[in-house]
Amino acid sequence: MRAPSIVVLTGAGISKESGLDTFRDADGIWARVRIEDVATPEAFARDKARVHEFYNQRRRGLLAGNVAPNAAHRALARLEEAWPGDFLLVTQNIDNLHERAGSKRLVHMHGELLKARCLHCGNVTPCEEDLAESRACLVCGQLGGLRPHVVWFGEMPLEMERIELALADCDLFVSIGTSGNVYPAAGFVAEARAAGARTVELNLEPSAGRSLFHEARHGLATALVPAFVDELLAQCGR
């Protein structure tokens with residue numbers, strides 16, 4: 001008998017304990033900055049400098065020495081390494097904390113803050129420095145076309161076909177640190193449940209989709225996730 005297939009979805013709540021701001025909390029990013037001003041293609045076309053500065057500040061914060069993977073990130077990396085069945089980690093986060101913790105079977109559905117995409121040639125390149133209109137693409141050499149490699153409102157999330165296939169085949173779906181308000185990610189639990197998967201929520205508080213989960217545990221991710229991973233690995237003798 002094959003080991004159960006697992007899909008894990010993570011949101012901003014898992015990185016909050018590493019010192020990164022969430023988006024939709026009462027004191028989150030969208031309470032201080034209008035989405036329409038910094039996180040849409042129209043905003044970038046209207047005021048590239050403002051959008052670049054918003055993401056430059058976030059990039060600097062991510063690269064600050066006090067931001068590091070926490071126990072929840074490390075637990076998921078341990079689960080991936082030890083789990084005998086299929087495993088996919090899908091994150092809405094644009095930080096690199098899952099990679100730094102050791103995760104490899106990972107999809108950044110909303111892009112990655114430490115990468116830039118060129119609107120002229122389409123190439124995606126690593127980027128740890130500030131972006132500006134004066135920066136040239138490392139591939140095509142043209143100016144003015146670099147943008148953060150993040151998915152803005154109104155754009156299609158990345159690798160959706162891979163995610164949909166994993167959801168259709170998973171036996172266990174786990175949602176961690178998500179509000180349940182942002183689609184298409186908010187609909188993943190319904191897709192997984194319709195495919196016959198057991199659904200579990202690990203969140204600071206009940207999400208908008210709480211009724212679709214077979215089981216919910218509420219509290220800090222750094223406590224809930226390592227304990228849940230320990231249980232899963234104990235069940236398969238790992």
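What you see is a predicted model, and the numbers here were worked out from it, not measured in a lab.
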Could you note down all residue pairs passing ring-ring contact (aromatic ring centres under 6.0 Å, His included) where residues 114-141 supplies at least one of them, sequence neighbours left out?
none
So salt bridge (charged side-chain N to carboxylate O under 4.0 Å, His left out) across residues 155-166, not counting sequence neighbours, yields Arg147-Glu155, Glu159-Arg162
Could I get the full list of side chain to side chain donor-acceptor pair (under 3.5 Å) partners for Arg78, not counting sequence neighbours?
Asp230
N/O donor-acceptor pairs under 3.5 Å from side chains in residues 99-108, not counting sequence neighbours:
| from | atom 1 | to | atom 2 | distance (Å) |
| --- | --- | --- | --- | --- |
| Glu99 | OE1 | His108 | NE2 | 3.3 |
| Glu99 | OE2 | His108 | NE2 | 2.6 |
| Arg100 | NH1 | Val67 | O | 3.3 |
| Arg100 | NH2 | Val67 | O | 2.9 |
| Lys104 | NZ | Gly102 | O | 3.4 |
| Arg105 | NH2 | Glu80 | O | 2.7 |
| His108 | ND1 | Asn93 | O | 2.9 |

Of all residues at least two apart in sequence or in a different chain, which pass the ring pair (Phe, Tyr, Trp, His ring centres under 6.0 Å) check with His149?
none
Under the side chain to side chain donor-acceptor pair (under 3.5 Å) rule, collect the residues that match up with Asp86, sequence neighbours excluded.
none
Show me the pairs that pass side chain to side chain donor-acceptor pair (under 3.5 Å) and involve residues 125-136, at least two apart or across chains.
Arg60-Asp130
Throw together a table of side-chain donor-acceptor distances under 3.5 angstrom for residues 137-146, partners on residues two or more places apart or in other chains.
none

Residue pairs fulfilling side chain to side chain donor-acceptor pair (under 3.5 Å) with at least one residue in residues 63-72, sequence neighbours excluded
Ser18-Asn70, Asn70-His73
Mind checking what makes ring pair (Phe, Tyr, Trp, His ring centres under 6.0 Å) contact with Phe44, not counting sequence neighbours?
His52, Trp152
ring-ring contact (aromatic ring centres under 6.0 Å, His included) pairs touching residues 156-207, sequence neighbours excluded, are none
Tell me which pairs pass salt bridge (charged side-chain N to carboxylate O under 4.0 Å, His left out) where either residue lies in residues 175-200, with sequence neighbours left out.
Arg198-Glu215
